[in-house]
Amino acid sequence: MQSIATYQDYFLKYLNEQNFSRDPKNLYEPIDYIMNLGGKRMRPILTLMATEVFDVDFRKALAAATAVEVFHNFSLVHDDIMDDAPLRRGKETVHEKWNLNTGILSGDAMLILAYQYFENYEPVTFRALAKLFSKTALEVCEGQQYDVDFETRDDVSIPEYLKMIQYKTAVLVGAAMKMGAIVAETSEENANLIYDFGLNLGIAFQLQDDYLDCFGNPETFGKQVGGDIIENKKTYLYLKAMQFAKPEEQEQLLHLYSIQPNDNTEKIESVKDFFNQTGASKATQNAIEEFTLKAFSTLDQMQIGEDKKKVLRAFGEKLMKREV
């Protein structure tokens with residue numbers, strides 16, 4: 001197994017060799033722009049790692065890994081349009097730098113480009129990758145729609161919220177890993193198990209993101225702490241607080257989530273106190289641990305060497321110990 005840095009280096013070298021700059025420029029320049037904005041590249045790295053877990057040269061999966069990364073960035077372009085977001089990774093979003101129509105069309109082209117990377121594989125592998133990709137892409141769209149729907153609902157349940165983050169975020173993590181298994185031509189059981197590993201780790205990761213948005217270190221988090229509270233987002237923390245709170249406390253929390261003060265400092269601190277007092281913060285930490293352990297339980301069933309299981313476990317533990 002390689003180090004994360006090695007996977008990153010190989011992937012970035014492969015990505016830099018891709019010709020995203022072609023005519024018509026107004027279609028492809030935005031694609032080149034978003035693909036070179038950086039980011040952690042976590043999903044394509046998981047594809048490469050998963051391939052090598054099953055004793056196949058990770059370089060065979062570079063095209064599949066690129067499909068995952070192109071699709072992920074396509075979803076960001078369209079998400080930014082829906083959120084009317086001005087910045088992505090500290091830079092202008094595509095629709096701000098160009099215009100709305102360009103953002104829509106360049107995003108559409110990215111989805112098609114992602115599919116084209118599967119053409120690097122033999123028919124059986126191509127079919128399996130494309131089938132998984134289609135299922136995942138549709139689920140990501142469903143997750144995004146659930147997220148939009150939840151903005152105007154006051155009756156979102158915990159299971160509904162978990163389904164939303166599973167579809168919007170976690171399925172792509174699971175698919176990224178399963179694509180590596182498909183390229184490696186391992187057993188169907190192994191491929192499904194590593195999908196479940198990625199899926200549960202993805203849910204834990206998103207729940208931790210919710211938690212860190214509220215309780216993370218402002219100096220290392222990389223974005224404004226309390227951003228979800230300012231935007232009145234009904235995260236897992238909020239839903240748990242409403243579940244545990246007394247009726248009068250629920251009214252107070254609903255009030256806090258209905259106001260938009262000029263200075264949000266007091267609002268953020270009040271909501272954080274609510275989350276701590278009701279036990280919502282502790283419940284969220286417990287849920288993060290639960291889904292992480294669910295991910296690790298799949299390793300016991302996977303038909304791979306103990307050294308490979310240790311690498312996957314260490315990766316999961318590192319991901320869950322982040323403070324940023």
Side-chain angles (χ1 to χ4, degrees), residues 40 42 76 79 83 85 87-90 143-144 146-170 173 200-246 248-293 316-324:
K40 294 182 285 290
M42 181 183 79
L76 298 182
D79 283 1
D83 296 340
L87 297 175
R88 166 67 61 185
R89 297 167 188 153
Q144 177 68 8
Y146 284 132
D147 196 21
V148 171
D149 292 347
F150 291 174
E151 288 176 11
T152 55
R153 279 181 53 190
D154 291 323
D155 60 344
V156 177
S157 67
I158 296 285
E160 283 180 313
Y161 184 77
L162 289 172
K163 182 179 181 180
M164 184 271 286
I165 63 173
Q166 176 180 326
Y167 279 21
K168 188 176 176 183
T169 302
V173 179
N200 285 302
L201 210 57
I203 294 171
F205 184 88
Q206 186 56 52
L207 288 174
Q208 192 188 47
D209 214 52
D210 287 357
Y211 182 84
L212 290 174
D213 186 276
C214 188
F215 295 104
N217 184 337
E219 293 178 11
T220 56
F221 187 47
K223 53 184 177 180
Q224 182 179 22
V225 171
D228 287 346
I229 295 170
I230 293 169
E231 293 174 30
N232 297 321
K233 282 194 175 179
K234 302 176 184 79
T235 63
Y236 192 87
L237 281 159
Y238 171 88
L239 296 174
K240 275 293 177 186
M242 288 297 285
Q243 182 184 345
F244 295 152
K246 296 170 184 172
E248 62 270 20
E249 291 173 328
Q250 291 177 344
E251 287 298 321
Q252 286 177 281
L253 192 54
L254 283 168
H255 171 69
L256 284 167
Y257 268 66
S258 68
I259 58 174
Q260 291 284 10
N262 291 327
D263 182 0
N264 284 286
T265 308
E266 190 177 330
K267 174 179 172 175
I268 290 169
E269 289 308 311
S270 297
V271 171
K272 284 168 71 170
D273 286 343
F274 256 103
F275 290 164
N276 284 327
Q277 287 165 15
T278 57
S281 54
K282 182 62 179 171
T284 303
Q285 288 175 305
N286 290 342
I288 293 165
E289 184 178 5
E290 177 193 338
F291 282 102
T292 304
L293 292 175
E317 286 171 349
K318 184 179 179 185
L319 206 61
M320 290 303 111
K321 282 176 183 169
R322 70 194 172 113
E323 294 179 359
V324 296

Partner of Y236 under side chain to side chain contact (heavy atoms under 4.5 Å, CB included), chosen from D209, I288, T284: T284
Criterion side chain to side chain contact (heavy atoms under 4.5 Å, CB included) on V173 and M42, from CA distance to verdict: CA-CA 9 Å; V173 179; M42 181 183 79; 4.2 Å; yes
Criterion side chain to side chain donor-acceptor pair (under 3.5 Å) on T235 and D228, from CA distance to verdict: CA-CA 8 Å; T235 63; D228 287 346; 5.2 Å; no
Any D147 side-chain heavy atom under 4.5 Å of Y167 side chain: no
Centroid separation Y257 to Y238 less than 6.0 Å: yes
Any side-chain heavy-atom pair of K272 and C214 under 4.5 Å: yes
Other residues, nucleotides, ligands: >12 heavy atoms within 6.0 Å of D155 CG: yes
Minimum side-chain heavy-atom gap F215-F275 below 4.5 Å: yes
Note, Q260 side chain near N232 side chain (heavy atom, < 4.5 Å): yes
Backbone of A85 reached by a side-chain donor or acceptor of D83 within 3.5 Å: no
Stepwise side chain to side chain donor-acceptor pair (under 3.5 Å) check, Y146 with K168: CA-CA 9 Å; Y146 284 132; K168 188 176 176 183; over 6 Å; no
Salt bridge K234-E151, side-chain N to carboxylate O under 4.0 Å: no
D213 and E231, any side-chain heavy atoms less than 4.5 Å apart: no
Audit row: K267, I229, side chain to side chain contact (heavy atoms under 4.5 Å, CB included) steps and yes/no: CA-CA 8 Å; K267 174 179 172 175; I229 295 170; 4.1 Å; yes
